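The following block contains the structure, expressed as structure tokens.
Below, read A as the first sequence line, B as the second, and so on, with proteins coming before strands; counting in each chain starts at 1. Everything numeric here is computed off the predicted structure, so don't read it as measured data.
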Number of protein chains: 2
Amino acid sequence: MRLARKPKISRVRKARQDRALGTVDTILRATAHVLVRDGYDKASTNRIAERAGVSIGSIYQYFPNKEALFGALVERHIEEMRGVLVSTFADVLSKPFPEAVRAFVLAMIRAHAVDPALHRVLIEQLPRVGSLPLARVRDVEADAVTLVKTYLAHLAESTSLVLPKDLDVAAFLAVTTVEAATHKAVLHERDLLARPSFVDELVDMVVRYLLRDEAAEKPRAPTATATKISAPRRRRAS
Amino acid sequence: MRLARKPKISRVRKARQDRALGTVDTILRATAHVLVRDGYDKASTNRIAERAGVSIGSIYQYFPNKEALFGALVERHIEEMRGVLVSTFADVLSKPFPEAVRAFVLAMIRAHAVDPALHRVLIEQLPRVGSLPLARVRDVEADAVTLVKTYLAHLAESTSLVLPKDLDVAAFLAVTTVEAATHKAVLHERDLLARPSFVDELVDMVVRYLLRDEAAEKPRAPTATATKISAPRRRRAS
DNA sequence: ACATGATGTGAGCAATAGCTCATGTTTGCT
DNA sequence: AGCAAACATGAGCTATTGCTCACATCATGT
């Protein structure tokens with residue numbers, strides 16, 4: 001209600017003792033819990049404090065305001081998903097093409113499976129938490145697009161594979177497609193997701209699109225070769 | 001804040017006179033305006049009334065509560081987009097395959113261009129408005145998937161085209177892909193959207209995926225034939 | 001043992017939200 | 001013209017929110 005007021009003095013402490021670290025973690029867990037259970041509207045700071053078994057004062061000891069509290073939660077969740085993604089990307093990039101796509105898809109599914117319920121609420125209500133967390137998500141997505149684009153460029157140079165001309169659009173479409181499909185499937189179409197054909201088809205779709213050769217006829221075509229590529233730029237340490 | 005209270009008596013009027021119809025329209029316009037300008041959190045009923053140049057009382061004359069107000073706005077917007085979509089679908093279905101896909105993509109872009117700013121806020125904050133409007137959006141999407149699936153089934157029967165085996169997944173992927181790509185492009189990647197290659201590539205992707213023939217080599221392949229198909233089921237009159 | 005800063009508490013305040021209702025104004029009908 | 005119903009008003013009520021601050025407790029070094 002009163003998010004507009006300028007902070008007079010930074011009264012916010014950083015946790016220095018173990019006890020405090022624990023409190024911060026408890027608060028964030030409670031935030032996630034209440035958010036998932038009651039939705040953003042009902043997730044008042046008082047309620048969160050109650051759930052955490054902590055006084056409201058403690059929350060404002062470590063977070064300047066409600067927005068920062070939710071921001072921290074978002075940041076945490078993004079880093080978790082990002083961790084899953086990045087840790088898989090390393091060997092994704094060294095695989096032959098169709099397998100790399102499959103690994104990419106599987107990584108995306110795993111990343112979305114970290115905490116689906118929280119992920120859902122976060123995605124659905126992210127902008128309400130301020131513009132910063134939303135920007136962070138776009139950063140991650142932009143990173144992915146850049147990565148894929150670079151990967152495709154390397155592929156085009158070092159192999160005989162025929163790729164789309166407009167790699168900007170191609171990378172955007174590939175990432176958007178995989179992200180959207182896994183996102184929607186994990187959140188709303190668990191039965192489709194459970195079918196083996198789901199991953200197969202999604203991989204098939206992306207491979208068929210990116211590969212303009214008779215090599216695309218069989219996903220297992222041994223035409224593609226391995227390519228190393230630089231890791232995605234990090235904005236800060238995880 | 002006080003959405004939980006049970007309605008004692010339906011005090012809500014239906015607009016019968018022209019003046020009232022105008023008031024309702026003014027209120028909804030103001031709701032959209034404030035929502036886009038200030039975001040959902042700041043979009044209080046008092047503020048909306050002020051913007052509309054109408055007293056708060058008037059709002060509660062036609063909407064039982066804030067949720068219903070936003071619900072009505074969502075309903076309106078959905079019907080508008082749906083109108084654009086459905087009106088294009090008629091001739092989409094009578095076209096040869098690759099052209100049908102292109103028309104479908106263009107229709108989706110047009111639908112998202114109805115009121116992008118409002119669409120954005122609505123999408124981003126929809127769930128907060130209650131579960132009903134969100135369900136309506138899913139209905140529309142589910143309709144699209146069903147429609148595409150039926151279309152594909154007819155295609156498979158009446159032509160020699162080779163399609164994916166799992167039509168459920170195929171239809172889901174096709175709709176999700178086109179929806180997500182156009183949605184993200186319209187909202188966040190206007191520069192990509194502006195390139196001619198955007199539509200070309202998106203169409204190409206879907207066509208290549210759905211068509212497992214040498215017929216897919218050239219999007220303009222004259223192999224595909226026209227097929228008529230029933231219109232999407234409506235839930236209520238527009 | 002004691003001092004000092006880090007940590008934790010919770011009653012309560014100012015602001016604002018959604019919403020009501022007593023009252024006034026306009027419209028349509030005879 | 002006159003009347004009833006539809007329409008419109010807005011001061012103000014209550015609930016609740018985000019947040020403060022004076023104070024208590026704990027952890028640690030000396």
Side-chain angles (χ1 to χ4, degrees), chain A residues 1-28 30-31 34-35 38-72 128-130, chain B residues 1-28 30-31 34-35 38-72 128-130:
Chain A
M1 302 290 162
R2 207 146 39 92
L3 286 180
R5 176 182 292 187
K6 283 284 165 291
K8 322 175 173 187
I9 293 175
S10 172
R11 224 171 274 296
V12 191
R13 292 201 188 141
K14 261 182 198 164
R16 296 179 200 284
Q17 304 178 359
D18 280 5
R19 182 166 56 127
L21 264 312
T23 304
V24 170
D25 187 70
T26 305
I27 290 171
L28 284 179
T31 306
V34 173
L35 203 49
D38 303 340
Y40 182 86
D41 265 339
K42 307 292 187 63
S44 68
T45 49
N46 288 290
R47 200 186 278 231
I48 290 168
E50 187 189 29
R51 163 76 201 184
V54 151
S55 107
I56 339 133
S58 289
I59 290 183
Y60 287 91
Q61 199 105 164
Y62 302 104
F63 304 97
N65 51 48
K66 196 192 179 188
E67 182 173 329
L69 173 61
F70 283 89
R128 315 214 47 221
V129 157
Chain B
M1 299 297 157
R2 207 146 41 92
L3 287 179
R5 177 182 290 186
K6 285 280 165 294
K8 321 173 173 189
I9 292 174
S10 172
R11 222 172 275 296
V12 190
R13 291 204 188 138
K14 260 184 199 163
R16 296 177 201 285
Q17 304 177 0
D18 280 3
R19 181 167 56 127
L21 264 312
T23 304
V24 170
D25 187 69
T26 304
I27 291 171
L28 284 179
T31 306
V34 173
L35 204 51
D38 303 340
Y40 182 85
D41 265 339
K42 307 292 186 63
S44 69
T45 49
N46 288 291
R47 200 186 277 232
I48 290 169
E50 187 190 28
R51 162 76 201 183
V54 151
S55 106
I56 338 133
S58 288
I59 290 183
Y60 288 91
Q61 198 108 165
Y62 301 105
F63 304 96
N65 51 47
K66 197 191 179 187
E67 181 173 330
L69 172 61
F70 284 88
R128 315 216 48 221
V129 157

Answer whether the closest heavy-atom distance between the side chains of B:Leu28 and B:Leu69 falls below 4.5 Å.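 Counting from C-beta outward, B:Leu28 and B:Leu69 do come under 4.5 Å.
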
For the CG atom of A:Asp25 and the OH atom of A:Tyr62, what is their distance to the nearest 0.5 Å?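 Going from the CG atom of A:Asp25 to the OH atom of A:Tyr62 covers 12.5 Å.
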
Short side-chain N/O contact to C:dC21 OP1/OP2 from B:Tyr60, under 4.0 Å: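 No, B:Tyr60 has no side-chain N/O under 4.0 Å of OP1/OP2 on C:dC21.
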
Where B:Arg47 and B:Lys42 come nearest, the two heavy atoms and their spacing: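 Shortest heavy-atom contact: NE-O, 3.1 Å.
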
Mind checking if B:Ser58 touches a base, just sugar-phosphate, or nothing, with heavy atoms under 4.0 Å?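 Here B:Ser58 touches the bases of the nucleic acid.
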
Nearest 0.5 Å, please: how far is OG1 in B:Thr26 from CZ in B:Arg19?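 B:Arg19 atom CZ to B:Thr26 atom OG1 measures 12.0 Å (nearest 0.5 Å).
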
Round to a whole Å and report the spacing from CG of A:Asn65 to C1' of D:dT20.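 Answer to the nearest Å: 14 Å.
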
Can you tell me the distance, in whole Å, between the CZ atom of A:Arg47 and the C1' atom of D:dA15?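 Whole-Å distance recorded here is 13 Å.
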
Gap between atoms CD and C1', on B:Gln17 and C:dT27 respectively (whole Å):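 The answer, rounded to whole Å, is 5 Å.
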
What distance do B:Thr45 atom OG1 and B:Asn65 atom CG have between them, rounded to the nearest 0.5 Å?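 Result: 10.5 Å between the selected atoms.
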
Please state how far atom CG in B:Asn46 lies from atom P in D:dG10, giving the value in whole angstrom units.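 That distance rounds to 12 Å.
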
From CZ of B:Arg19 over to C1' of D:dA5, roughly how many Å is that when rounded to an integer?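 It works out to 11 Å between those atoms.
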
Look at A:Thr45 and D:dC19 and indicate whether a side-chain polar atom (N or O) is within less than 4.0 Å of OP1 or OP2.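 A:Thr45 to D:dC19 OP1/OP2: no side-chain N or O under 4.0 Å.
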
What is the distance from CD1 of A:Ile59 to P of D:dT20, rounded to the nearest Å?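 Answer to the nearest Å: 13 Å.
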
Can you check the A:Lys66 NZ to D:dT20 C1' distance for me, whole Å?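 After rounding, the gap between these two atoms is 18 Å.
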
To the nearest Å, how far apart are B:Leu21 CG and C:dG28 P?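 Rounding to the nearest Å, CG of B:Leu21 and P of C:dG28 are 12 Å apart.
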
Using a 4.0 Å heavy-atom cut-off, does A:Phe63 contact any base of the nucleic acid, only the sugar-phosphate backbone, or nothing at all?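 Nothing: the residue A:Phe63, judged by heavy atoms under 4.0 Å, touches no strand.
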
When you match B:Gln61 and B:Ile56 each to their closest nucleotide on DNA chain D, which lands nearer the 5' end?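 Result: B:Gln61.
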
Quick check on D:dT16: is either OP1 or OP2 less than 4.0 Å from any side-chain nitrogen or oxygen of A:Ser44?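 So the side-chain polar atoms of A:Ser44 never come under 4.0 Å of the phosphate oxygens OP1 or OP2 of D:dT16.
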
